[in-house]
Amino acid sequence: MLVLDANVGPSKNDLEMLVLLREHQKNIVIVANKIDKIKSSEYDARLTVITDLAHGAPVIPYSSVKKIGVEELVNALFGR
C-alpha cells in the first residue's frame with residue numbers, strides 16, 4: 001500500500017517508492033489520502049494524475065475525517 005497526500009500530489013519520494021514497488025513486483029494499492037481537502041474544481045484533475053501514475057493499480061480516494069473510502073480500503077486489504 002502506498003499512501004499519497006492527494007491534496008499535495010505525488011512527491012518525489014512517492015514516485016521513487018512506486019518505482020521500487022514495481023521493480024520488486026509487489027501488488028500495489030494506492031490510497032489517495034486527504035481528498036476532503038481538495039477543492040471540488042481540482043478533484044478530478046488530482047485523481048487523474050494519481051490514476052495515471054498507478055498504471056492499473058487500484059486507487060482508493062480516502063478521507064479519515066469524512067469517512068470516505070474506508071470500506072474500499074478494507075476490501076482491498078482483506079479481500080472482503
Side-chain angles (χ1 to χ4, degrees):
M1 174 178 26
L2 179 61
V3 179
L4 304 176
D5 185 332
N7 188 41
V8 174
S11 69
K12 179 182 173 189
N13 289 338
D14 294 332
L15 298 174
E16 289 174 2
M17 181 58 70
L18 191 55
V19 167
L20 287 171
L21 290 169
R22 286 190 182 123
E23 285 177 356
H24 288 76
Q25 300 175 358
K26 299 294 182 183
N27 293 327
I28 303 168
V29 174
I30 298 176
V31 178
N33 195 26
K34 299 184 183 178
I35 61 157
D36 57 300
K37 302 212 182 264
I38 299 173
K39 294 178 184 176
S40 59
S41 61
E42 298 175 4
Y43 184 89
D44 289 338
R46 296 275 178 102
L47 279 184
T48 297
V49 168
I50 295 170
T51 302
D52 289 347
L53 290 172
H55 295 289
V59 175
I60 300 172
Y62 187 85
S63 168
S64 61
V65 173
K66 294 192 176 181
K67 307 295 186 226
I68 298 169
V70 174
E71 186 175 335
E72 293 85 352
L73 181 57
V74 169
N75 289 339
L77 295 175
F78 302 109
R80 295 183 182 171

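Start at 1 with the first residue, then count along the sequence. Please read these numbers as outputs of a predicted model, since none were measured by experiment.
In this structure the side chain of K37 never reaches within 4.5 angstrom of the side chain of V65, judged on heavy atoms. Proximity of V19 to E16: side-chain heavy atoms (C-beta onward) are nowhere separated by under 4.5 Å. Using a 4.5 Å heavy-atom cutoff, the side chains of I38 and N7 are in contact.
When every heavy atom of S64 is checked against every heavy atom of K67, the shortest pair comes out as O-NZ, 3.1 Å. Across every non-hydrogen atom of Y43 and P61, the tightest pair is OH-CB, 3.6 Å. Minimum heavy-atom separation, P58 to I28: CD-O, 3.2 Å. Nearest approach of I60 to E72, heavy atoms of both residues: CD1-O, 3.7 Å.
L53 and I30 fall within a single hydrophobic cluster, where Ile, Leu, Val, Met, Phe, Trp and Tyr are joined by side-chain heavy atoms under 4.5 Å apart, directly or via other members. Following chains of ILVMFWY side-chain contacts shorter than 4.5 Å, one can reach L21 starting from I50, so the two form part of one hydrophobic cluster. Cluster membership check: V59 shares its hydrophobic cluster with L18, using side-chain heavy-atom separations under 4.5 Å among Ile, Leu, Val, Met, Phe, Trp and Tyr. Cluster membership check: M17 does not share its hydrophobic cluster with V31, using side-chain heavy-atom separations under 4.5 Å among Ile, Leu, Val, Met, Phe, Trp and Tyr. When the side chains of ILVMFWY residues are joined at heavy-atom separations under 4.5 Å, either directly or via intervening members, Y62 and V8 end up in two distinct hydrophobic clusters.
Heavy-atom neighbours of Q25 CD from other residues, nucleotides or ligands within 6.0 Å: at or below the threshold of 12. With a 6.0 Å radius and a threshold of 12 heavy atoms from other residues, nucleotides or ligands, H24 has its NE2 atom at or below the threshold. Atom CG of N27 has 12 or fewer neighbouring heavy atoms from other residues, nucleotides or ligands inside a 6.0 Å radius. For E71, the CD atom sits in a loose shell: 12 or fewer heavy atoms of surrounding residues, nucleotides or ligands are nearer than 6.0 Å.
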* **Verdict with reasoning, I35 to R46, per side chain to side chain contact (heavy atoms under 4.5 Å, CB included)** => CA-CA 9 Å; I35 61 157; R46 296 275 178 102; over 6 Å; no

